[in-house]
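The structure appears right after this line, and notes come after that.
Quick note: residue numbers are just sequence positions, from 1. As the structure lists them, so they are numbered: ligands from 1, and atoms in each ligand from 1. Values below: every heavy atom of this structure, side chains too, minus hydrogens, waters and symmetry copies. Since the structure is predicted, the reported quantities are computational estimates derived from the model, not experimental observations.
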Amino acid sequence: MRLSTWLDENHRLPRLDLELLLCARLKLTRAQVIAHRELQIDQAALAGLRRDVERLNNAEPLAYILGSREFYGITLSVNPAVLIPRPETELLVDLALKVITPGMRVLDLATGSGAVAIAIAANCESIELHASDLSLDALNVARHNAHQAGVELTFLESDLFASLNGRYDLVLSNPPYVAENDPHLPALRYEPLLALVSGSDGMTALTRIIQTAPDYLVHNGVLMLEHGFDQAMRVQTLMRESFHDIQTHPDLGAHDRVTTGRRK
Ligand SMILES: C[S@@+](CC[C@H](N)C(=O)[O-])C[C@H]1O[C@@H](n2cnc3c(N)ncnc32)[C@H](O)[C@@H]1O
């Protein structure tokens with residue numbers, strides 16, 4: 001079957017998703033897929049593409065079907081043990097890169113696929129970088145991703161700060177922050193609940209981090225937290241007790257997304 005025929009047959013699905021599936025199955029670049037619609041798809045590739053389309057029709061995220069997602073210009077492997085890194089989380093990396101200086105001790109708490117830590121490692125020299133998560137399966141994905149990206153950092157299994165030692169100059173985290181009954185959860189059913197949900201109002205992990213982080217930060221050390229678009233005021237209120245210079249930063253969609261502060 002020709003590429004053009006297959007694309008026409010599946011025209012109800014997003015064209016970009018279909019083209020990326022073709023790239024993966026036929027080992028072609030997107031430019032080749034666009035320029036050579038006359039190419040033939042062999043039987044083995046066609047069978048694989050049929051399975052891929054079935055998964056897309058079941059609303060499975062393209063990143064899990066392809067097994068990868070790009071974050072901060074780095075290709076990361078993903079599987080259902082990890083949250084698919086979101087573009088808005090790149091803000092956390094942008095903010096971190098503005099404050100990191102050589103010699104700093106930095107922690108990415110709840111690292112998942114390792115996205116944030118690996119992006120930082122790829123853009124910073126001479127820092128001591130730790131990345132932690134409660135999920136061993138997620139840490140295995142993160143270790144693989146760090147290896148693939150050619151960066152070195154230390155991965156630690158820990159329930160938030162419970163198994164961590166010493167003080168950091170910067171702690172950053174994109175923790176789970178979705179409320180248990182959030183109406184968007186059914187659409188996210190392929191991703192791990194541990195990575196998404198945190199109590200009845202989505203604030204459990206954020207609250208625990210804000211209350212415990214002062215014991216793991218140096219004086220004037222920075223805490224950076226990603227949160228839901230409607231959680232900034234609650235995060236700021238919780239931070240006021242132990243932090244100063246508290247600021248909330250909008251993402252590219254103009255939603256309040258990351259709140260930062262310095263330990264008093
Ligand atoms: C929203 S995901 C973020 C993953 C990654 N940082 C990113 O931005 O793509 C949250 C992560 O928190 C981890 N997690 C959930 N509860 C945790 C806990 N109590 N301690 C440590 N990690 C936890 C999950 O396993 C998941 O990997």
Summary of salt bridge (Lys or Arg N to Asp or Glu O under 4.0 Å) pairs that have at least one residue in residues 52-63, sequence neighbours excluded: R25-D52, R55-E60

Considering only the protein, which heavy-atom contact is closest to atom 22 (N) of ligand 1, and what is its distance? L134 N, 3.2 Å

Just jot down the ligand 1 atoms closer than 4.0 angstrom to any heavy atom of T89, in number order. 8 (O)

Find all atoms of ligand 1 within a distance of less than 4.0 Å from any non-hydrogen atom belonging to P176, and give their numbers and elements. 10 (C), 12 (O), 15 (C)

Under a plain distance cut-off of 3.5 Å, with no hydrogens placed, do T89 and E226 share a side-chain donor-acceptor pair? yes

In this structure, atom 16 (N) of ligand 1 is nearest to the protein heavy atom L194 CD1, 3.8 Å

Any donor-acceptor pair under 3.5 Å from K264 side chain to P214 backbone: no

Hey, which atoms in ligand 1 end up nearer than 4.0 Å to a heavy atom of A195? 1 (C), 2 (S), 10 (C), 24 (C), 26 (C)

Give yes if a backbone or side-chain nitrogen or oxygen of S135 is under 3.5 Å from a nitrogen or oxygen of ligand 1, and no if not. no

Which ligand 1 atoms are under 4.0 Å away from a heavy-atom of G112? 4 (C), 27 (O)

With no hydrogens and no angle check, just 3.5 Å: does a side-chain donor-acceptor pair link D94 and Y72? yes

Applying the side chain to side chain donor-acceptor pair (under 3.5 Å) test to Q236, which of D256, T259, T248 qualifies? T248

Does at least one non-hydrogen atom of S158 fall below 4.0 angstrom from an atom of ligand 1? yes

For ligand 1, is there an atom lying under 4.0 Å from some heavy atom of A205? no

Are R167 and Y216 in a cation-pi contact, defined as NZ or CZ under 6.0 Å from the six-membered ring centre and within 45° of the axis? no

Identify the closest protein heavy atom to atom 24 (C) of ligand 1: which residue and atom is it, and at what distance? D133 OD1, 3.5 Å

Close aromatic pair by centroid cut-off 6.0 Å: F155 and H130: no

Nearest non-hydrogen protein atom, atom 20 (N) of ligand 1: L160 N, 2.8 Å

For the 3.5 Å polar cut-off, considering only N or O atoms, please tell me whether A110 and ligand 1 meet it. yes

Taking distance alone, with N or O pairs closer than 3.5 Å, would you say L83 contacts ligand 1? no

Please say whether P175 places an N or O atom under 3.5 Å from an N or O atom belonging to ligand 1. no

Carboxylate-amine/guanidinium proximity below 4.0 Å for E9 and R2: no

What about N174: any of its N or O atoms under 3.5 Å from an N or O on ligand 1? yes

Using the test salt bridge (Lys or Arg N to Asp or Glu O under 4.0 Å), find all partners of D201 that sit at least two apart in sequence or belong to another chain. none

Is a side-chain N or O of R257 found less than 3.5 angstrom from the main chain of H227, in a donor-acceptor match? yes

Check if T111 has a non-hydrogen atom at a distance under 4.0 Å from any atom of ligand 1. yes

Using a strict cut-off of 4.0 Å, indicate which atoms of ligand 1 neighbour a heavy atom of D159. 18 (C), 19 (N), 20 (N)

Is there a donor-acceptor contact under 3.5 Å linking the side chains of T212 and D215? no

Any N or O of D108 closer than 3.5 Å to N or O of ligand 1: no

